Every structure is written in structure tokens, then in C-alpha cells.
Amino acid sequence: MKKVADPASRLVRLEDVLGCPDCHGPLSDSLECPGCGVSGSRNGAQLKFAGFSDTELRQDPLNHVKESVKQRFGSLYPLAISLLSPVYMSGSVRSFLRGFDLDRELVADLGCGTQRYDPRMLCVDGGSYANVDLIADLSRLPLRDGVLSGITSIAVLEHVPDPDAHIAEMWRVLAPGGRLFCYMPFIVPFHASPDDYQRYTKVGLERRFQRFEVLDVRVGCGPTSGLLWVLQEWLALALSFGSERLYRAFVPLMWLLSPLKILDVVMARHPAASVIASGFVIEARKPAVRESRLLA
Ligand SMILES: [Zn+2]
């Protein structure tokens, strides 16, 4: 079977499911909603409806550095993060994706950043990185109802000012029976991208998704990751004696401690790991139409 992996065929698939971010109705060929007047624009294979300005992405000093690295190194950024960061995450996103026939079923990564897990996935983000297919506001998706078979959301909910509005959009654009995978940090220092608003405990995360059928909630990144990132920040604060410049210089040095995260291969499995876990994964399903009527 031919793989729908190239940007042109991805664009055809995307244009097929586009809708007005306000009324969710179909758009004209020029990406305009005849009723609301909302419109998007094309830039090669990339479609843009809203999203962050460059100034917004660079407001926070650390995020400014991150944004420059992301724009310069693109897909190498996630690799660098997985090597240098104090957070150890197992490969559970990929095993979630293996549950789909990506040639036929459309799965979107909402808040993808510079990551692309599979060439057949739809990459959606507020930032206009090169790998992004659709630049949009995550709480106002320019997609029609029920067009996605699956959604991934990796460390995005903490950066969304109104997470419930974003989750309501996930519900709307998922087809009945569609499934989602969401990773959300718990014990993690403040990190802007372009801002940072909240953390959830395991039950807190489950509660956000109570409208869905929750299939699994588990530790996604373990307690060593939680401790290490906090410890790195603490050491940089303690050793910089009140100087913000020294603090910023010290943070990357503290990455020397990051390899200790490998302890989470074992510690993330501790029955009480959720007490200081770095983050949780929730997998949930939008019930099929008949089931949701029974549930209502
Ligand atoms: Zn409209």
C-alpha cells in the first residue's frame, strides 16, 4: 500500500478535514468560512489559522533560547532533549500509534513542537516550525467535528491557558470510538513554551478527561526525573548567589546530572511512584454514538 507520507498528500488529507474554528462548518477553497468570515492562509504545504507571534514565543528568556534552537535545529531538538533533559520517558507514544492504521486513519499530534512521530501524522501547533502542517490555536481548532481517529498531546496541557477548552476541542474533533494519548507533567519546574500555567496530579488529570472513557492512567515519567529537574534548578539557584546571569549559565551545567534519570527504568514502576512522579500518561476513548447515549 502506498504510504501517505509526503507533504503534498498530507496536505490533501488535511484540506479534507478542515473546518471553521468558530462554527465548525466547511471552508471555501480560499480557506474562508462563508458565514463567519474567518480565514486561513497557505504557505507551501503549511496552513495557518492563528498561532503565536515570534515575539510571544520569545518573551521568556529561557524560552527565547529554546525557540532559537528549535528553529535552527528543528527535528534534532527532540533528540537533544531526550539526551540532555533530566526526564526519562519510555517509548509509549509509539506503542499507542501502533494501534492505528496510519495510512487510513488520521491521527493528529496537537502541540507537536518540532517533533514528528510519523510522516503520516498531522502535526498541529501554535508555533510555525518547519514540521508543522497546521498552525492553529489549540482551543479553537480549524477542523470539522469527528474527523480524527486519534490524538496525541505530549507535555502540552500545562502550556494551554484554558486546558478544559482544549480538551473540549479534543472531544469535538475525535470520531466516536477515537482514542487519545496525553502526557502531562506533575513534578516539573516552571518552563515557558511560550508560557506555563498548571500541573495535575494523577487524579486531577483523570478528572479533566471524565467525559471520555478512561482506558488507563499511569506514571509516564518517574520520580527520579521529578527529583532531578527540581534538583538541577535548586543547585543553579543556590550556587548563583542571587545573580540571574549566573543562574542561567549554571542550568546547562547541571545537565551533567541528567544521566541519573535511567534509574526511572526501575523506579517508575514502584507502586507509590505517583507521589513525586515527573508526569502522567492518560489514554482515553470517546465512546461510540450508541454508547454515549447509554451513558448520558
Ligand atoms: Zn464559521
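Keep in mind the model is a prediction, meaning the values are calculated, not measured. These values consider heavy atoms only, across backbone and side chains, with no hydrogens, waters or symmetry-generated copies.
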Worksheet entry | Whichever hydrophobic residues join F190 through chains of side-chain contacts under 4.5 Å | none
Worksheet item: Using links of under 4.5 Å between side-chain heavy atoms of ILVMFWY residues, direct or through other members, which residues join L256 in one cluster?
Response: none
Discussion item. Using a 4.5 Å cut-off between side-chain heavy atoms of Ile, Leu, Val, Met, Phe, Trp and Tyr, which other residues end up in the same hydrophobic cluster as L246?
Written reply: L228, L231, W234, L235, L239, F250, L253, M254, L257, L260
Discussion item. Can you list everything that forms a salt bridge (Lys or Arg N to Asp or Glu O under 4.0 Å) with E158? Sequence neighbours excluded, please.
Written reply: none
Worksheet, complete the sentence: In short, ring-ring contact (aromatic ring centres under 6.0 Å, His included) pairs touching residues 86-120 with sequence neighbours left out are F96-F100, F96-F181
Worksheet item: Could you give all pairs that pass the side chain to side chain donor-acceptor pair (under 3.5 Å) test and reach residues 252-263, with sequence neighbours left out?
Response: Q232-S258
Fill in: Residue list, salt bridge (Lys or Arg N to Asp or Glu O under 4.0 Å) with R199, at least two apart or on another chain
D196
Response to the item:
So salt bridge (Lys or Arg N to Asp or Glu O under 4.0 Å) across residues 245-259, not counting sequence neighbours, yields E244-R248
Discussion item. My understanding is that a hydrophobic cluster links ILVMFWY residues whose side chain heavy atoms are under 4.5 Å apart, including indirect links. Using that, what else belongs to the cluster containing L215?
Written reply: none
Practice prompt. Not counting sequence neighbours, which residues clear ring-ring contact (aromatic ring centres under 6.0 Å, His included) with H166? List them please.
Written response: none
Practice prompt. Report yes or no: do Y200 and E206 form a side-chain donor-acceptor pair below 3.5 Å?
Written response: no
Fill in: Set of salt bridge (Lys or Arg N to Asp or Glu O under 4.0 Å) partners for R116, sequence neighbours left out
D133
Item to complete: Could you pull out all residues at least two apart from E15 that satisfy salt bridge (Lys or Arg N to Asp or Glu O under 4.0 Å)?
Response: R42
